Trainee: 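Just dropping this structure here.
Chain letters run A, B, ... following the sequence lines, proteins first and then strands; every chain starts at 1. In this text, all values refer to a predicted model and were calculated from it rather than measured experimentally.
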2 protein chains.
Amino acid sequence: MTFKKNQSAGYLVNHVARIFAHGLAERIKPLGITIGTFPVLLELWETDGLTQKQLVDRLQIEQATMANTLARMERDGLIIRNKDKNDGRVQRIWLVEHVREMYDAAIAAAMEVNASTLAGLSKAERRQFIILMQKVIETSRNRVSHAS
Amino acid sequence: MTFKKNQSAGYLVNHVARIFAHGLAERIKPLGITIGTFPVLLELWETDGLTQKQLVDRLQIEQATMANTLARMERDGLIIRNKDKNDGRVQRIWLVEHVREMYDAAIAAAMEVNASTLAGLSKAERRQFIILMQKVIETSRNRVSHAS
DNA sequence: ATTTATTACATAGCAAGCTATTCAAGTGAT
DNA sequence: ATCACTTGAATAGCTTGCTATGTAATAAAT
């Protein structure tokens, strides 16, 4: 029996992630933001002035990836960074005013993408989708923490 | 009520895809292959000598992405490309001998990744995971074909 | 037969992810 | 006080994905 990619969780989930990414990208492009910045914005909308380290911990993105994403965001005028007074190593990240006001539109876009991409699923299936993803992430989180 | 990223299908599925990618990457690295080439290899192991166009259609990857992936594969000695006799536009892609022999090891790696990443799910949940992914892909496929 | 359109592929340029490495600022031990 | 360690961030260099655009070969239309 041969390996069938359309029965492989890893293959399928990569495909699905690209579908979501594509949908989100086209919907937030008018706002002047991109998919990589979106999770960062979500955190900052909730808590402005986080450090890079805090963003890395909350978003499970590698530090180097975060540094690059923040550099692009600063370049594009979405955030400003300034050194912490008490600790010269840490950079605090602050939203620029007009970005703080984009919250509603951005959230609407994200909810639209979720709804339309999952349109083929029943309400129960959509709930199950979320639960399964959370469980997989939890499994991985445990594995990683054991390993270290 | 605020938007919660850990309840957002798009956010979660991106995270899960990165977990799978990481797991696969470390397991196939010893074989000298990377995650982007893996789907291409799956197709060629089944049908050697496909054209770039056929790979694009079967893997739902953009043509430009495929061209770049194939260029890397050729550079790394995984494939050779040659022009089709009947149609000067098409490139046929052929596996190099030692890559053809990697099938068993590569499939074993993929199955391991799937098993260990989904270890926190019951058998029924794993089955459900596959079904939900397939449905989302199907929904997207229909939408795209309507749009064109 | 020539022109026009289509098709297959390549190239340019970017975002977003990664690992590995470096650097500077704090912390601790002696 | 100094030396070693740790921690936060930056940088280098790569893969994998995308859109937009260019190019050459074939097919279709007149």
Trainee: Please compare Lys85(A) and Thr37(A) by the position of their nearest nucleotide in DNA chain C and report the one closer to 5'.
Mentor: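 Result: Thr37(A).
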Trainee: In this structure, how many angstroms lie between the C1' atom of dG8(D) and the CE atom of Met66(A), rounded?
Mentor: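 These atoms are roughly 13 Å apart.
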Trainee: Just grab all the side-chain hydrogen bond (donor to acceptor under 3.5 Å, both in side chains) pairs involving residues 17-35 of chain B, residues at least two apart or on different chains.
Mentor: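 Qualifying pairs: Asn14(B)-Arg18(B), Arg27(B)-Glu112(B), Arg27(B)-Ser116(B).
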Trainee: Rounded to whole Å, how long is the line connecting atom CE of Met73(A) with atom P of dG17(C)?
Mentor: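 Taking atom P of dG17(C) as the reference, CE of Met73(A) is at 12 Å.
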Trainee: Take the protein atom CD1 of Ile61(A) and the nucleotide atom P of dA15(C), then report the distance between them rounded to whole Å.
Mentor: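 Answer to the nearest Å: 16 Å.
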Trainee: Measure the acute angle between the ring planes of Phe20(B) and Phe129(B), then classify it against the limits of 30° and 60° as parallel, tilted or perpendicular.
Mentor: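 Plane angle between 30° and 60°, so tilted.
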Trainee: Sugar-phosphate means primed atoms, P, OP1 and OP2; the rest is base. With that split, encode nucleotides 7-13 of chain C 5' to 3' as B, S or - using protein heavy atoms under 4.0 Å.
Mentor: BSBBB--
Trainee: Using modelled atom types and a 3.5 Å cut-off, is there a donor and acceptor pairing between side-chain atoms of Thr65(A) and backbone atoms of Ile61(A)?
Mentor: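 Not at all, since once roles are kept as given, no pair shorter than 3.5 Å links the two residues.
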Trainee: In sequence, state the C-alpha distance, the side-chain angles, and the governing distance for Glu138(B) and Lys135(B), and then conclude on salt bridge (charged side-chain N to carboxylate O under 4.0 Å, His left out).
Mentor: CA-CA 5 Å; Glu138(B) 188 59 24; Lys135(B) 282 194 180 180; over 6 Å; no
Trainee: Residues of residues 107-115 of chain B with any non-hydrogen atom less than 4.0 angstrom from an atom of DNA chain C: list those, numerically ordered, please.
Mentor: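 Those residues whose heavy atoms fall under 4.0 Å from DNA chain C, taken from residues 107-115 of chain B, amount to none.
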Trainee: In whole angstroms, how far is the C1' atom of dG26(C) from the CG atom of Asp84(A)?
Mentor: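 Whole-Å distance recorded here is 12 Å.
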Trainee: Taking only residues two or more places apart in sequence, or in another chain, which ones meet Glu101(B) in a side chain to side chain contact (heavy atoms under 4.5 Å, CB included)?
Mentor: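 Glu101(B): side chain to side chain contact (heavy atoms under 4.5 Å, CB included) contacts with Glu97(B).
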Trainee: Closest approach of Pro39(A) and Tyr11(B), non-hydrogen atoms and distance?
Mentor: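 Nearest pair, atom of Pro39(A) first, then Tyr11(B): CB-CE1, 4.0 Å.
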Trainee: Show the nearest heavy-atom pair for residues Asn6(A) and Ile130(B), with the distance to one decimal.
Mentor: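 Closest heavy-atom pair between Asn6(A) and Ile130(B): O-CG2, 4.1 Å.
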Trainee: What I want to check is whether the side chains of Asn114(A) and Ser8(B) have a donor and an acceptor closer together than 3.5 Å.
Mentor: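 Yes - a donor-acceptor pair under 3.5 Å links their side chains.
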Trainee: Let me know the distance between NZ of Lys83(A) and C1' of dG8(D), rounded to the nearest Å.
Mentor: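 Nearest whole value for this atom pair: 10 Å.
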Trainee: Does Arg75(B) make a side-chain N or O approach to OP1 or OP2 of dT15(D) shorter than 4.0 Å?
Mentor: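 So the side chain of Arg75(B) is within the cut-off, an N or O lying under 4.0 Å from OP1 or OP2 of dT15(D).
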Trainee: Would a single hydrophobic cluster contain both Met111(A) and Leu31(A), if residues Ile, Leu, Val, Met, Phe, Trp and Tyr are joined by side-chain heavy-atom contacts under 4.5 Å?
Mentor: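 Looking at the clustering, Met111(A) is in the same group as Leu31(A).
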Trainee: Could you give the CD1-to-C1' distance, from Ile79(A) to dA9(D), as a whole number of Å?
Mentor: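 Answer to the nearest Å: 13 Å.
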Trainee: Where do Asp84(A) and Arg89(A) land on the salt bridge (charged side-chain N to carboxylate O under 4.0 Å, His left out) test, with the steps shown first?
Mentor: CA-CA 7 Å; Asp84(A) 187 284; Arg89(A) 291 168 303 181; over 6 Å; no
Trainee: Kindly state which residues belonging to residues 12-36 of chain B come within less than 4.0 angstrom of DNA chain D, counting heavy atoms of the residue only, listed by number.
Mentor: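 Those residues are Thr34(B), Ile35(B), Gly36(B).
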Trainee: Restricting to side chain to side chain contact (heavy atoms under 4.5 Å, CB included), what partner residues turn up for Ile80(B), sequence neighbours left out?
Mentor: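 Ile80(B) satisfies side chain to side chain contact (heavy atoms under 4.5 Å, CB included) with Trp94(B), Val96(B) only.
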